[in-house]
Amino acid sequence: MPTPDFIREIRASAGHQLLWLPGVSAVVFDDEGRVLLGQRADNHRWALISGIPDPGEQPAAALVREVEEETGVRVAVERLITVRSGRQVTYPNGDVCQFMDLCFRCRAIDGEARVNDDESLAVGWFAPDELPPMTDYHYFRIKQALSDEPTWFEPMSSE
């Protein structure tokens, strides 16, 4: 996954220390109710389409851009479905990041799903009952997108 230029600039002075970054992800449905997924080039796992907003870029606009860049599919953002702080991730080069993920439900409006950059090995549409193996959080976000429940967030602890 290519590192955005603004993060490279921060890394030049911050080194490998933890960076707290915004992230966006999409549960994209087509007219048949299928979910758009990409098989990531970095770890070969199937996942929701995701990315990092550029400085000053609105999260929904970043998501529309990321989905089209990665899959060739244009989307309309419908609603925010989850807000969650992820776990720390250490990349092979030693960089440490933690993302605040804003996940949106989206509807495909144009384009043919295809590998459109070097971040994915494959891209495809999957029926919700025929999803490939993914992390539990991917399944959870898809379940939330299929429901009419309000935006999900981790409840505050009672401490």
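For this chain, numbers begin at 1 and follow the sequence in order.
Side-chain N or O atoms of R8 include one that pairs as donor or acceptor with a backbone N or O of T3 at under 3.5 Å. At least one donor-acceptor pair under 3.5 Å links the side chain of Q17 to the backbone N or O of A14. Formation of a donor-acceptor pair under 3.5 Å by the Y91 side chain with backbone atoms of V96 is not found in this model. The backbone N or O of H44 sits less than 3.5 Å from a side-chain atom of Q39, completing a donor-acceptor pair.
Using a 4.5 Å heavy-atom cutoff, the side chains of P133 and H138 are not in contact. At least one side-chain heavy atom of F29 sits less than 4.5 Å from a side-chain heavy atom of R105. D101 places a side-chain heavy atom less than 4.5 Å from the side chain of Y137. Taking 4.5 Å as the limit, some side-chain heavy atom of Q98 sits within range of a side-chain heavy atom of S85.
A donor atom on one side chain and an acceptor atom on the other are not found under 3.5 Å apart for T71 and N116. Side-chain contact annotation: S25 with R141, donor-acceptor N/O pair under 3.5 Å present.
The nearest pair of heavy atoms linking V83 to M100 is CG1-SD, 3.9 Å. P132 approaches L37 most closely through the heavy-atom pair CD-CD1, 3.6 Å. In terms of heavy atoms, V24 sits closest to P59 at CG1-O, 3.7 Å. Pairing each heavy atom of G51 with each of E66, the nearest pair is CA-CD, 3.7 Å. Closest non-hydrogen pair, H16 versus G94, comes out as CB-O, 3.2 Å. Considering all non-hydrogen atoms of both residues, P128 and V35 come closest at CG-CG2, 4.4 Å.
Note that CZ of F99 and CG of L19 are 8.5 Å apart. Values are rounded to the nearest 0.5 Å. Here SG of C97 is found 7.0 Å from CD1 of I52. Values are rounded to the nearest 0.5 Å. Rounding to the nearest 0.5 Å places CD of E68 at 9.0 Å from CD1 of I109.
Only one option out of L63, V27, V64 pairs with C106 in a side chain to side chain contact (heavy atoms under 4.5 Å, CB included); it is L63.
Counting heavy-atom neighbours within 6.0 Å of D31 CG, excluding the residue itself, gives a total of 12 or less. Taking a 6.0 Å sphere around CZ of R11, one finds it holds more than 12 heavy atoms contributed by other residues, nucleotides or ligands. Few gaps surround CD on E69; more than 12 heavy atoms of other groups in view lie less than 6.0 Å from it.
Both I81 and M134 are part of a single hydrophobic cluster, where members link through side-chain heavy atoms under 4.5 Å apart. Both L48 and Y139 belong to a single network of hydrophobic side chains, linked directly or stepwise wherever heavy atoms of I, L, V, M, F, W or Y lie under 4.5 Å apart. Under the 4.5 Å side-chain contact rule for hydrophobic residues, V75 and L36 share a cluster. When the side chains of ILVMFWY residues are joined at heavy-atom separations under 4.5 Å, either directly or via intervening members, L102 and V28 end up in a single hydrophobic cluster. If you chain together hydrophobic residues whose side chains sit under 4.5 Å apart, F140 and W46 never meet in one group.
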Distance-only donor-acceptor hits, side chain of residues 142-153, under 3.5 Å, sequence neighbours excluded:
unit_1 : atom_1 : unit_2 : atom_2 : d
S147   : OG     : Q144   : O      : 2.9
S147   : OG     : E149   : N      : 3.2
T151   : OG1    : L80    : O      : 2.8

Could you go through the salt bridge (charged side-chain N to carboxylate O under 4.0 Å, His left out) check for R114 and E112 one step at a time?
-> CA-CA 6 Å; R114 66 182 182 276; E112 294 294 322; over 6 Å; no
So E57 and R65, salt bridge (charged side-chain N to carboxylate O under 4.0 Å, His left out) or not? Walk me through it.
-> CA-CA 10 Å; E57 186 177 29; R65 174 183 54 77; 2.8 Å; yes
